[in-house]
Every structure is written in structure tokens, then in C-alpha cells.
Amino acid sequence: MTGTTARRTVVSIAVSAALACSTACTGPGGSDDSGGTTGPSGPTGSTAPSASAEPSSRPPALTGASADALRAVERATGRAGSARVESTTVMGRELSLEAAGALGWDDGLTGTLTITYTGGTTAETMRRLGTTAMEARYLPDAYYARMGDEFAERVGGRHWIKYVYEDLEDLGGGAGAGFADQMRNTTPNQAVKLLLSAGDVRRVGAETTRGRRTTHWSGTVGGATEQTVDIWVDDRNLLVKKVERGRTKTGELTQTAYYSDYGVPVSAARPPAEDTADFKELLASQGS
């Protein structure tokens, strides 16, 4: 393998890890002007409406009893500060993954997830390079992905990649625009905020979700195309489950997440500097 090919392989792995880490904790919400989700690897074609969209392009604010109920969920879930998370995500032909761990959002995003690749072209790329699962650590200014030994051999023995949110904002073509704020503001109640922007929110009814009595809400949010959002809420107004469905450029997008143990202690330590490669430096090395 030539030096140039080796560097491109390293960058390919790093970008794939970035996509997995951001998707696992943020879900498919947040879009560019064309209806595609913006993330560290570029638009992925999700259909959630942009948080920065012009006011004239947004639907009228939800009012009435449904709005009051959903805002109570938004407040309660936001105040809880942390939770255990289990999720599955399918992004068309590109990526399928499972994630489990605990995340906190009191003072920026913190926590740790174990992410397992289960399918898609990205998973196949990672599998060929010796990585089928990784640990992701989230801190208020950056997140870290632990790669396998094969990756470490290519970058001087370093196992971790560091992704500084501000650096991801600067990716070419505006691919990372808004990414720092998206990561810092990630909480389970983002799905509730999406529903509050929907024009057809409805209370589906009472259902049992993982043994807990919940109320199911559903709605459709629109960008260039439409995305459905469903949430299940317990009697403490805490989110128990959420499902988001839409379309990407490579097929259907679905994320299902379960939340439990609200208020659980959460911590995430920065990996040793000597065992960490910086994503921005890896990108720069591709052109050298």
C-alpha cells in the first residue's frame, strides 16, 4: 500500500467513525437547506427540518392541550439531566448500528456509548479494516472514538480519534455547519421539540412500552421531504421511547431509541493524549 493510499484509508476510517458517533447520539434530526442532514461526513439526506430555517418556512407553533402536554415532556426530560440509552439506527444502504450507554446533558453533552456496526457500506468498510465495534466518549467540546489495533498501527500506535466540534464546523463545503451546536444541545427531548414543530400532532393513546405504561404521540415534520416522529412518554412526563423515520439519499432512515434510569451518574474521561490522534490533523495529512 502506498503512503498516499494508506493516508486515505486512515481518513476514510476516521470519517466513518465520525458518522457513527454523531448518528448514535444525535439521531437523524437537523438538516441542511436541501433537506439533508448535516454531519461530519457531509449531508446524509435526512428529512428533519433545520433548526436555523427561516421563520417563514416553519409551520405555525403548536397550541392547545397537545402543546401543553408536549412542553411538559420537554421540560421534564430536559431537567432530568441524564439517562441510559439504547438505540438502533438504519441509514439506507450506508450504515446500520446499535448503541448502548449513558449520556448526560446538564452542562454540554457527556457520556459513553458502545457502538456496534451491524450493516451497510460503512460497516463493511470498517469490518475490512478490523473494526466491528467501538467506544465513543462525549465531552462538551469534543468526542472521542476508540478504534482497533489495525487502525492504531497506521497512526503511530494511537487508538483514539479526537473530534473537536469547532473543527468539524470547518469541514469543506459547509458539511459541518451547525454541528457544534447540534452536539452540545443533544438531549432526548430534541424529538419532543420536533413534534412541537409538526402540524399534525396527535395523541395515539395509551400503550405498554418495555413494561411501563406510556402515552404514544405521533406527528410529521417537513423539510424538502417528510419525516415522522413518534414518542412514548411515562406518567412522569419522561421520554421512554422515540422513533424517527425519513429518507436519505441511500434509502430509508430509521432510528429507535429507548431511555431509562433518568438521573443516572454519567462520566467520560479524556483518553491519554499519547494514545490519541486528532481528526483535523488526519484530514490535513491526506493532502500531504
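Fair warning: this is a prediction, and the values are worked out from it, not measured in the lab. Positions are given from 1, in the same order as the sequence printed here.
The two residues D230 and S218 come nearest to each other via the heavy atoms OD2-OG, 2.9 Å. Heavy-atom minimum distance, I115 versus A99: CG1-CB, 4.2 Å. The shortest non-hydrogen separation linking A191 to K242 is CB-CD, 4.1 Å. T276 and P271 get closest at one heavy-atom pair: OG1-CB, 3.7 Å. In plain terms, the two heavy atoms of I231 and L239 that are nearest each other are CB-CD1, 3.4 Å. Between G104 and V266 the shortest heavy-atom distance is N-CG1, 3.8 Å.
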(message) R245 vs Q227, test: side chain to side chain contact (heavy atoms under 4.5 Å, CB included). Steps then yes/no.
(response) CA-CA 6 Å; R245 297 184 181 90; Q227 175 180 334; 5.7 Å; no
(request) Go through T77 and Y262 one step at a time and tell me if the side chain to side chain contact (heavy atoms under 4.5 Å, CB included) criterion holds. (result) CA-CA 8 Å; T77 302; Y262 279 94; 3.9 Å; yes
(message) Run the side chain to side chain contact (heavy atoms under 4.5 Å, CB included) test on V233 and V192 for me, step by step, so that the C-alpha distance in whole Å, both residues' side-chain angles and the decisive distance to 0.1 Å come before the verdict.
(response) CA-CA 10 Å; V233 181; V192 186; over 6 Å; no
(request) Please test D149 against H159 for side chain to side chain contact (heavy atoms under 4.5 Å, CB included), starting from the C-alpha separation and ending with a verdict. (result) CA-CA 7 Å; D149 291 338; H159 292 83; 2.9 Å; yes
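Formation of a donor-acceptor pair under 3.5 Å by the D200 side chain with backbone atoms of T220 is found in this model. Formation of a donor-acceptor pair under 3.5 Å by the R137 side chain with backbone atoms of A269 is found in this model. In terms of modelled atom types and a separation under 3.5 Å, the side chain of T214 and the main chain of E207 share a donor-acceptor contact. Side-chain N or O atoms of T118 include one that pairs as donor or acceptor with a backbone N or O of S96 at under 3.5 Å. Under a 3.5 Å cut-off, the side chain of S82 and the backbone N or O of V264 do form a donor-acceptor pair. In terms of modelled atom types and a separation under 3.5 Å, the side chain of T112 and the main chain of A268 share no donor-acceptor contact. Distance alone, capped at 3.5 Å, is enough to place a donor-acceptor pair between the W105 side chain and the G78 backbone.
V164 is listed as a side-chain neighbour of D278, based on a closest heavy-atom distance under 4.5 Å. With a 4.5 Å cut-off on side-chain heavy atoms, L70 and K193 do not count as touching.
The aromatic rings of Y143 and Y165 sit tilted, their planes meeting at an angle between 30° and 60°.
With respect to E74 and R71, no salt bridge is recorded, no charged nitrogen being found less than 4.0 Å from a carboxylate O. A salt bridge is defined here as a Lys NZ or Arg NE, NH1 or NH2 lying under 4.0 Å from an Asp or Glu carboxylate O, and R270 with D141 meets this definition. Using a 4.0 Å cut-off between a side-chain N of Lys or Arg and a carboxylate O of Asp or Glu, D234 and R236 qualify as a salt bridge.
Take A277 and apply the side chain to side chain contact (heavy atoms under 4.5 Å, CB included) test, not counting sequence neighbours, and it matches R158, L282.
At a threshold of 4.5 Å between side-chain heavy atoms, the hydrophobic network of Ile, Leu, Val, Met, Phe, Trp and Tyr places V73 and V240 in two separate groups. When the side chains of ILVMFWY residues are joined at heavy-atom separations under 4.5 Å, either directly or via intervening members, Y144 and Y117 end up in two distinct hydrophobic clusters. Residues L238 and V229 fall within the same hydrophobic cluster, defined by Ile, Leu, Val, Met, Phe, Trp and Tyr side chains chained together at heavy-atom separations under 4.5 Å.
Atom CZ of R202 is surrounded by 12 or fewer heavy atoms from other residues, nucleotides or ligands within 6.0 Å. In D107, the CG atom is not crowded: 12 or fewer heavy atoms of neighbouring residues, nucleotides or ligands sit closer than 6.0 Å.
A distance of 11.0 Å separates OG1 of T228 from CG of L194, quoted to the nearest 0.5 Å.
Membership of the apolar cluster around W232 extends to V243, as traced through chained side-chain contacts below 4.5 Å between ILVMFWY residues.
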